Structures are given as C-alpha cells and as structure tokens.
Amino acid sequence: MSIEKMPRVRLAHLPTPLDEAPRLTAALGGPRILIKRDDLTGLAFGGNKTRKLEFLMADALRQNADVVFTAGAPQSNHCRQTAAAARKLGLRCVLVFTAGQHNEPQGNLLLDQLLKAEVVYTENDDTDAVMEELAEEERRKGHRPYVIPVGGSNGIGTLGYAGLVLELAQQLFERGLSVSRVYFSSGSGGTQGGLVLGARLYHASYRLIGVSPGRKADGVKANVARTANEGAAVLGLPVRFAPHEIEVNDRFTGPAYGISTPESHEAIRLFAETEGILLDPVYTAKAAAAMIHDIRGGAVGREETVLFIHTGGTPALFAYHAELAQ
Ligand SMILES: Cc1ncc(COP(=O)(O)O)c(C=O)c1O
C-alpha cells in the first residue's frame with residue numbers, strides 16, 4: 001500500500017517551511033544550508049512527533065480508543081505532542097514518566113499539565129510493561145486504551161518521516177535545488193527509520209546523518225533499522241534495512257542524554273544569533289553541533305548544499321534556563 005492511502009488524521013501544518021540560512025553559512029564559512037522547520041508543525045509548539053502522530057492517532061481512532069497511553073522522560077516532546085493530539089481528538093491521555101532531570105513544572109511538563117494529561121511516575125525502566133498494566137486496568141473499567149511506544153517509534157509512526165521525503169522532494173524541485181547531506185537528531189529511531197524508508201521508496205540519494213542525543217550509535221542504528229523494517233511491513237513492501245546501512249554520529253552526545261555540552265550550547269547561540277532560530281537543548285542542539293563540526297572541519301565541501309531538519313523540542317529551553325541563562 002502507498003503511504004497516501006494509509007489512515008491519517010491532520011494534526012500538523014504541512015508542508016513545513018524550508019528556510020535558507022545564509023548568515024549561518026557566512027558565520028561558518030561553509031556551504032549553503034537549508035533548514036526544514038519541523039519545529040513549526042504547529043501542534044502545541046510543534047515538533048517531529050506530530051508527523052508520526054498523524055498516523056498513530058488515526059490508528060487509535062480506527063480502533064475506537066478513548067484513552068491513549070505513551071511514555072518518556074518528564075521533558076519528553078513526544079509526550080507533550082501526544083497529549084495535545086489526544087485533546088484535539090477528544091481523547092484522554094495518560095503519560096508514564098520515568099524519573100529524570102528537570103522535573104519541575106516547566107517546559108514540556110508545564111504544557112502537559114495545561115493539556116490535562118494524566119501523569120504516572122514509575123521507577124520501572126520497562127515502561128512498555130507499565131503501560132500495558134495500566135491499559136489492562138482501563139480495559140477492566142470498560143475503557144478502550146491505545147498504547148503508543150516511547151517516541152512513537154513503531155511501523156505506523158515511522159510513516160510520518162517517510163512522508164517528509166516526498167514533501168522535501170517537492171520543495172527542492174520547485175526551487176531547483178538538491179542536497180547532499182541531511183543532519184537531524186535520532187533517538188528512538190522512528191524519524192530516521194522513516195527517512196531511510198522514504199529515501200528508498202522515492203529514490204532520494206542524499207546522506208542521512210542521524211545524530212544521537214544520548215545512546216551509543218549501535219543502539220540507535222538498531223532502532224532505526226527495526227522501525228524502517230516495521231514501516232515497510234505496514235506498507236506490505238519487500239524492502240529490508242540492516243543496522244550497518246544506517247549512518248549515526250554519537251560523537252556529540254556528551255556525558256548522557258539530557259546533559260548539555262559546550263558544543264550544544266554554542267550551537268544554540270549560533271543559530272539564535274545568526275538566523276533568529278531557536279534550537280532545543282536535548283536534541284537539535286547536539287545534531288546542530290555535529291553539522292557545525294563537519295562544516296568547520298572541512299568534511300562538508302563549500303559547493304555542497306546541506307539540510308538540517310529542525311525537529312522541535314523548543315519548550316525544553318525553559319526547563320534548562322539555569323544552564324542557558326547568561
Ligand atoms: C526534538 C526532538 N528531536 C528528535 C527526536 C528524535 O526522534 P526519534 O525518537 O524519532 O529518533 C526527538 C524525540 O523525542 C525529539 O523530541
């Protein structure tokens with residue numbers, strides 16, 4: 001089946017803008033840089049998860065769900081966008097949070113409260129098991145739960161970023177442009193899984209460089225290959241991906257997920273000061289740091305055109321105010 005025929009609810013403002021970044025190029029003495037503004041997907045401050053949720057929530061509605069479960073860290077952008085999508089569609093939303101950094105009601109957690117998400121904290125790292133237990137309780141009470149895995153990264157969610165490949169092809173075609181590399185943050189794998197699947201389906205030849213916000217590259221590659229394969233299975237397509245075919249850079253993750261680095265802080269300031277574009281401290285700042293490093297180090301030729309996908313996450317800036325304030 002083609003992606004266009006899959007059940008989908010409209011939650012995102014698409015296509016997202018494709019911005020030029022000439023001042024960033026000048027500051028880096030580098031190539032032409034384009035920024036795909038998926039921070040502007042529009043739902044409750046936007047971000048990449050809204051593309052996945054268009055397919056996941058359509059599946060939830062198809063199953064007549066009345067309550068949606070998902071899980072993450074208290075500053076999860078995925079949880080915030082899921083809570084907003086559920087509200088927009090008239091469903092309850094239960095968020096299962098593992099204890100993490102930045103637990104005060106700021107940033108995404110504040111927005112979750114405003115969206116009246118029901119929050120459950122757990123010390124059990126197996127959040128799938130916790131969600132399943134809570135979903136079973138809901139079933140016993142006569143409700144119809146729908147469980148979305150961490151990051152929305154399963155075969156259905158993955159279709160969101162396969163769709164971006166087509167959207168981008170159209171935008172590049174209209175401007176007579178082509179790009180050689182694409183940089184973006186890659187964690188639970190569904191974003192990159194969708195991109196590699198879409199690139200295979202629509203014959204895109206650019207390098208897809210996922211930058212890890214925390215995990216080692218091997219772990220991210222395994223997630224990406226799994227989600228891409230699950231996405232292909234949902235579409236009934238006989239294509240397969242192996243982890244060694246996936247490109248992931250884990251040299252900018254710093255000490256751990258959610259912990260900023262000097263390079264990520266510099267990336268936030270550089271994007272803000274040159275282009276007026278705000279990155280987030282957890283995901284996009286580290287992805288941008290990897291791109292900046294490659295440009296400065298000469299790995300990217302000046303004649304190339306590079307695309308950065310801004311995957312959102314900006315509400316977390318406010319939860320990180322203590323680290324970012326000057
Ligand atoms: C802002 C932002 N960028 C990138 C990602 C990574 O996306 P994925 O989990 O699909 O790899 C996330 C995931 O939570 C995110 O919130």
Side-chain angles (χ1 to χ4, degrees), residues 16 35-41 43-53 55-56 70-84 95 97-98 100 102 107-108 111-112 127 148-164 182-198 208-215 217 219-228 230-231 246-250 252-253 257-258 264 267-268 271 277-290 308-317 319-320:
T16 55
I35 305 182
K36 180 73 171 149
R37 300 295 305 275
D38 270 20
D39 55 323
L40 303 180
T41 50
L43 182 70
F45 290 102
N48 60 335
K49 304 300 176 170
T50 305
R51 286 188 191 266
K52 303 180 184 192
L53 285 163
F55 293 96
L56 290 163
T70 199
Q75 284 303 326
S76 163
N77 302 298
H78 164 67
C79 288
R80 181 243 316 156
Q81 287 163 82
T82 304
L95 302 177
F97 287 140
T98 45
H102 302 284
N108 285 302
L111 301 179
D112 296 336
T127 48
I148 298 176
V150 170
S153 288
N154 61 12
I156 294 176
T158 294
L159 303 181
Y161 271 84
L164 177 135
V182 182
Y183 288 88
F184 51 91
S185 175
S186 184
S188 64
T191 299
Q192 191 165 5
L195 291 171
V196 298
L197 177 60
L208 287 163
I209 306 169
V211 183
S212 171
R215 283 199 192 91
V220 180
K221 287 180 189 184
N223 285 345
V224 174
R226 175 186 56 78
T227 55
E230 288 177 5
I246 312 295
E247 184 168 356
V248 173
N249 179 342
D250 63 4
F252 291 83
T253 58
Y257 172 84
S264 68
I268 289 175
F271 271 60
I277 291 177
L278 296 164
L279 299 175
D280 87 289
V282 178
Y283 295 94
T284 52
K286 290 180 179 177
F308 180 77
I309 304 178
H310 189 329
T311 49
T314 42
L317 278 173
Y320 281 70

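All of these numbers come straight from a predicted model, not from anything done at the bench. One-based numbering, in listed order, for ligands and for the atoms of each.
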*Distance only, no hydrogens: is a donor on one side chain within 3.5 Å (strictly under) of an acceptor on the other, for T16 and K36?*
yes
*Protein contact to atom 8 (P) of ligand 1 [nearest heavy atom, distance to 0.1 Å]*: K49 NZ, 3.4 Å
*G151: heavy atom below 4.0 Å from ligand 1, yes or no?*
no
*asked:* As an exercise, identify every atom of ligand 1 less than 4.0 angstrom from a heavy atom of G313.
replied: 1 (C)
*Would you confirm whether S186, through its side chain, and G189, through its main-chain N or O, come within 3.5 Å as a donor-acceptor pair?*
no
_Do T314 and D39 pair up side chain to side chain, a donor and an acceptor below 3.5 Å, judged on atom types alone?_
no
*For ligand 1, which atoms, with element, lie under 4.0 Å from some heavy atom of S188?*
8 (P), 9 (O), 10 (O), 11 (O)
_Can a side-chain donor-acceptor contact be found between S153 and K52 if the only test is distance below 3.5 angstrom?_
yes
*Do the side chains of L164 and I309 get nearer than 4.5 Å, heavy atoms only?*
yes
*Heavy atom under 4.0 Å from ligand 1: found in Q192's side chain, backbone, both, or neither?*
neither
_Is the shortest side-chain heavy-atom distance between R51 and D38 below 4.5 Å?_
yes
*Show which atoms of ligand 1 fall inside a sub-4.0 Å distance from at least one heavy-atom site of G312.*
1 (C)
_Side chains of R37 and T311, donor plus acceptor under 3.5 Å_ = no
*May I ask you to identify the nearest protein heavy atom to atom 4 (C) of ligand 1, giving residue, atom name and distance to one decimal place in Å?*
T311 OG1, 3.3 Å
_Side-chain ion pair, R215 and D250, N-O less than 4.0 Å_ = no
_With the threshold set at under 4.0 angstrom, would you say G47 reaches ligand 1 through any of its heavy atoms?_
no
*Can you find a non-hydrogen atom of N48 under 4.0 Å from ligand 1?*
yes
*Heavy-atom nearest neighbour in the protein, as seen from atom 16 (O) of ligand 1, with distance rounded to 0.1 Å*: N77 ND2, 2.9 Å
*asked:* Looking only at protein heavy atoms, which one is nearest to atom 11 (O) of ligand 1, and what is the separation?
replied: G187 N, 2.6 Å
